[in-house]
Amino acid sequence: MLKSKCMGKIKNDNIRHVVHPYEPVKSMNSRVLVLGSIPSVRSMTEGFYYMHPQNRFWPVMAGVFGDEGFLSRNINEKKSALIRNHVALYDAICECDIWLSSDSSVTGIVPTNIDSIVSGTNITHIFCNGRRAYDVMQKYSPQYMNMTSYLPSTSPANAVFKLDRLIEAWRCIRIMD
């Protein structure tokens with residue numbers, strides 16, 4: 001079994017065992033939590049969420065909030081933009097086995113402890129970036145479903161949604177301006 005610090009343990013046929021490498025981005029003033037599934041291979045290599053150049057997460061956030069800080073290549077500027085706009089960011093899965101970056105291949109899920117993320121914040125709503133994150137929340141954190149919504153994935157695999165359509169769908173995360 002090979003081990004890569006960035007990508008997790010490579011088991012076989014590009015299946016990797018991933019233990020979530022990042023802390024949640026949040027502050028006591030966070031009002032919404034955006035949950036993805038698990039970091040992609042590219043995001044693991046780059047050291048932060050949604051770093052694949054074809055993923056539209058950061059352009060969507062910039063479009064929704066009108067904040068160019070989301071478009072910076074600098075990770076600290078991205079974090080500052082999230083905090084400035086009262087958005088917390090993490091993933092629904094804390095640990096799993098996954099083939100490359102395919103959400104549909106995820107097995108052996110260890111869910112994130114959502115209590116630990118919302119604790120000490122003003123989070124009133126959770127938005128799931130894509131179906132896998134939503135399904136994980138539904139299965140493992142049903143106590144939060146009354147405050148959880150599904151949003152279309154910003155992944156390049158979701159080619160049906162162009163950028164302008166994603167921005168429109170995601171505008172609901174500005175629930176407390």
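As the structure is a prediction and not an experimental result, all values here were calculated from the model.
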> Just by distance, do the side chain of S119 and the backbone of S116 share a donor-acceptor pair under 3.5 Å?
Replying inline: no
> Any donor-acceptor pair under 3.5 Å linking the side chain of S155 with the backbone of A157?
Replying inline: yes
> Is the closest side-chain donor-acceptor distance between Y134 and N129 under 3.5 Å?
Replying inline: no
> Only one of T154, L163, V64 clears side chain to side chain contact (heavy atoms under 4.5 Å, CB included) with P59; which?
Replying inline: L163
> Where do W170 and P152 come nearest, in terms of heavy atoms and distance?
Replying inline: NE1-O, 3.0 Å
> Sub-3.5 Å donor-acceptor pair from the side chain of S80 to the main-chain atoms of N76, do we have one?
Replying inline: yes
>> Determine whether F70 and V60 satisfy the following criterion, side-chain contact (heavy atoms from CB on, under 4.5 Å), listing intermediate values before the conclusion.
In response: CA-CA 9 Å; F70 289 116; V60 165; over 6 Å; no
> Is it true that a side-chain atom of R31 and a backbone atom of V87 form a donor plus acceptor pair closer than 3.5 Å?
Replying inline: no
>> Evaluate E168 against R171 for side-chain contact (heavy atoms from CB on, under 4.5 Å), listing each step before the verdict.
In response: CA-CA 5 Å; E168 191 57 37; R171 286 199 192 282; 3.3 Å; yes
> If you look at every heavy atom in S153 and N158, which pair is closest and at what distance?
Replying inline: O-ND2, 2.8 Å
>> Checking side chain to side chain contact (heavy atoms under 4.5 Å, CB included) between V136 and each of K139, R132, Q138, which is the one that passes?
In response: R132
>> Would you compute the distance between atom CD1 of I109 and atom CD of E95 and round it to the nearest 0.5 angstrom?
In response: 11.5 Å
> Can you tell me if H86 uses its side chain to pair, donor with acceptor, with the backbone of N29 under 3.5 Å?
Replying inline: yes
> For A92 and A133, which heavy atoms make the closest approach, and how far apart are they?
Replying inline: CB-O, 3.8 Å
>> Quick check: closest heavy atoms across R165 and V160, and the distance to 0.1 Å?
In response: NH1-O, 3.4 Å
>> Could you check whether any side-chain heavy atom of I93 comes within less than 4.5 Å of a side-chain heavy atom of V110, counting everything from C-beta outward?
In response: no
> Going by atom types only, do T112 and H20 share a side-chain donor-acceptor pair under 3.5 Å?
Replying inline: no
> Would a line drawn from the ring center of Y49 to the ring center of Y22 be shorter than 6.0 Å?
Replying inline: yes
>> Determine whether a donor-acceptor pair (N or O, by modelled atom type, separation under 3.5 Å) exists between the side chain of S72 and the backbone of G69.
In response: no
> Nearest 0.5 Å, what's the CD1-CZ distance between I173 and F65?
Replying inline: 4.0 Å
> From F48 CZ over to L89 CG, what is the distance, rounded to the nearest 0.5 angstrom?
Replying inline: 6.0 Å
> Is there any salt bridge (Lys or Arg N to Asp or Glu O under 4.0 Å) pair reaching into residues 110-130, and which pairs are they, with sequence neighbours excluded?
Replying inline: none
> Which pairs, with at least one residue in residues 71-81 and sequence neighbours excluded, count as a salt bridge (Lys or Arg N to Asp or Glu O under 4.0 Å)?
Replying inline: E46-R73
> Can you hop from Y50 to L71 via hydrophobic side chains spaced under 4.5 Å?
Replying inline: no
>> Counting C-beta onward and ignoring hydrogens, is there a side-chain heavy-atom pair between V118 and Y144 closer than 4.5 Å?
In response: yes
>> Please evaluate residues I123 and V32 with respect to the criterion side-chain contact (heavy atoms from CB on, under 4.5 Å), reporting the C-alpha separation (whole Å), side-chain torsions for both, the decisive distance (0.1 Å), and the verdict.
In response: CA-CA 5 Å; I123 292 171; V32 299; 5.8 Å; no
> Which distance, rounded to the nearest 0.5 Å, do you find between the CD1 of I83 and the OG of S27?
Replying inline: 4.5 Å
> What's the shortest heavy-atom distance between H125 and T148, and which atoms?
Replying inline: NE2-C, 4.1 Å
>> How long is the straight-line distance from CG of L35 back to OH of Y150, given to the nearest 0.5 Å?
In response: 14.5 Å
>> Testing the basics here: between I126 and M137, what is the closest heavy-atom pair and its distance to 0.1 Å?
In response: CD1-CE, 4.0 Å
>> Would you say that D135 contacts C128 through its side chain, given a criterion of any heavy-atom pair below 4.5 Å between the two side chains?
In response: no
> What's the spacing between K162 NZ and I167 CD1 if we round to 0.5 Å?
Replying inline: 13.5 Å
> If you look only at pairs with a residue in residues 58-71, which of them pass as a side chain to side chain donor-acceptor pair (under 3.5 Å), with sequence neighbours excluded?
Replying inline: D67-R84, D67-N85
